[in-house]
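Some notes on the structure that comes next.
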Amino acid sequence: MSTINNSMEYYQSNQGLLSMLNNKKSGNALIDQIVSNNDLIFQRKMESMGLSTNGSDSKFKNVDTAATNLLDALSKLDDDSLYNAETGKEYDNAELIKGVTNFVTAYNSTITNMTNCGGSLNNTFSTEFVEAFKAKKDEFENIGISLGSDNKLVIDQEKLKAANHEDIKALLGSSSSYYNNIASAVNSIDTIVNKALAMGSSNYNAKGLLL
């Protein structure tokens, strides 16, 4: 889990505890001030990371949507029907190739949206994605996928079509370490973005207290 996510969880737990104490004390002014100060400090921290706490900032929502689509595309590659021939028919990898292409498209869209956001959100998770690829670089290149200078994936369609379908499943199926690394990163992105956006939503009053 990223350090950004840890800081978010730490903030959330402390704000929740303070809010709970304040409710029990019927709006103690001192606790109001502590919560308000913490909220301001955390907002500045999020902004320094490139994350807005303004719920209207759509580019952060776009990152979350793109990352969710990425995980969905990767999950679909775990479908056994992609790797086995229909009864009485010769195996055809057309649907598998389409699935891998969709994964690469979703991956590159996520990279684009993170780049648009900038800040530590981009730096942290772009690095995690690149490191996950590098750990399986030989396996990716074996099926015709390489990493471009812009951190996006590039497909050699002819090599992908000729790749062994079992090699693709071993690399991109849900039992692989690559799948687990990407799933973990996507879950962290989802948690971070949604909690940061919630800071500017109607769930909080002017003092930063949960309503």
Side-chain angles (χ1 to χ4, degrees), residues 1-2 4-5 9 58-117 121-195:
M1 183 178 289
S2 71
I4 298 178
N5 199 33
E9 295 291 349
S58 62
K59 64 183 179 179
F60 302 106
K61 295 177 184 178
N62 290 341
V63 171
D64 187 40
T65 298
T68 300
N69 290 341
L70 167 60
L71 185 56
D72 182 60
L74 192 56
S75 297
K76 287 179 179 177
L77 288 172
D78 204 43
D79 185 347
D80 285 339
S81 68
L82 296 175
Y83 305 96
N84 298 295
E86 293 183 36
T87 304
K89 295 183 179 181
E90 185 177 348
Y91 176 70
D92 182 355
N93 69 354
E95 287 301 311
L96 175 59
I97 301 307
K98 180 180 178 181
V100 173
T101 301
N102 288 341
F103 155 69
V104 169
T105 299
Y107 182 102
N108 290 343
S109 176
T110 303
I111 294 296
T112 295
N113 280 286
M114 287 196 297
T115 301
N116 290 341
C117 282
L121 181 75
N122 175 51
N123 295 336
T124 298
F125 290 106
S126 288
T127 298
E128 288 191 17
F129 281 22
V130 168
E131 291 303 315
F133 176 88
K134 287 182 176 179
K136 297 291 183 179
K137 181 176 181 291
D138 291 342
E139 289 90 335
F140 271 107
E141 293 183 348
N142 184 51
I143 66 170
I145 298 177
S146 58
L147 188 69
S149 59
D150 57 359
N151 290 335
K152 293 182 179 180
L153 299 181
V154 180
I155 299 177
D156 179 332
Q157 286 289 348
E158 293 304 313
K159 193 170 183 179
L160 176 60
K161 289 176 183 177
N164 186 305
H165 59 277
E166 291 298 332
D167 290 341
I168 296 176
K169 185 176 183 179
L171 175 61
L172 299 176
S174 62
S175 61
S176 74
S177 59
Y178 179 81
Y179 179 101
N180 291 328
N181 286 336
I182 294 299
S184 177
V186 169
N187 288 334
S188 291
I189 290 170
D190 181 66
T191 298
I192 293 163
V193 170
N194 280 292
K195 286 185 177 180

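Numbers here are sequence positions counted from 1.
Contact annotation: the side chain of L77 approaches that of L96 to within less than 4.5 Å [non-hydrogen atoms, C-beta and beyond]. For the pair I182 and F103, the minimum side-chain heavy-atom distance is 4.5 Å or more. Side-chain atoms of V186 and T110, non-hydrogen and from C-beta on, never get closer than 4.5 Å to each other. Between E95 and D79 there is no side-chain heavy-atom pair separated by less than 4.5 Å. Residues H165 and L82 form no side-chain contact, since every pair of their non-hydrogen atoms from C-beta on lies 4.5 Å or further apart.
The salt bridge (Lys or Arg N to Asp or Glu O under 4.0 Å) check on K161 picks up nothing, with sequence neighbours excluded. For T65, the side chain to side chain contact (heavy atoms under 4.5 Å, CB included) partners two or more places apart in sequence, or in a different chain, are N69. Considering only residues two or more places apart in sequence or on other chains, F140 meets the ring-ring contact (aromatic ring centres under 6.0 Å, His included) condition with F133, Y178.
When all heavy atoms of K152 and T112 are compared, the pair lying nearest together is NZ-OG1, 2.7 Å. Contact between A106 and L70 at its shortest, heavy atoms only, is CB-CA, 3.7 Å. Heavy atoms only, all atoms of each residue included: S75 and Y179 are closest at OG-OH, 2.9 Å. Between M114 and S126, the shortest heavy-atom contact is CE-OG, 3.8 Å. Considering all non-hydrogen atoms of both residues, K169 and Y83 come closest at CB-CE2, 3.4 Å. Heavy atoms only, all atoms of each residue included: I111 and F129 are closest at CD1-CD2, 3.9 Å.
Expressed to the nearest 0.5 Å, how far CD of E131 lies from NZ of K134 amounts to 5.5 Å.
For the pairing with I143, the side-chain contact (heavy atoms from CB on, under 4.5 Å) check across I155, D156, N164, D167 returns one residue only, D167.
Put simply, the side chain of N187 gets close to the backbone of A183: a donor and an acceptor are under 3.5 Å apart. In this structure a side-chain-to-backbone donor-acceptor pair under 3.5 Å is present from T105 to T101. Under the 3.5 Å distance criterion, the side-chain polar atoms of Y107 are left unmatched by any main-chain donor or acceptor of N102. Formation of a donor-acceptor pair under 3.5 Å by the N181 side chain with backbone atoms of E128 is not found in this model. Without hydrogens or angle criteria, T68 side chain to D64 main chain gives a donor-acceptor distance under 3.5 Å. Side-chain atoms of S146 never come within 3.5 Å of backbone atoms of E141 as a donor-acceptor pair (strictly under, hydrogens ignored).
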I would like to know whether N116 and N62 meet side-chain contact (heavy atoms from CB on, under 4.5 Å); could you show each step before the answer? CA-CA 10 Å; N116 290 341; N62 290 341; over 6 Å; no

Please report the C-alpha distance between L153 and L147 in whole Å, then the side-chain angles of each, then the deciding distance to 0.1 Å, and finally whether the side-chain contact (heavy atoms from CB on, under 4.5 Å) criterion is met. CA-CA 5 Å; L153 299 181; L147 188 69; 3.8 Å; yes

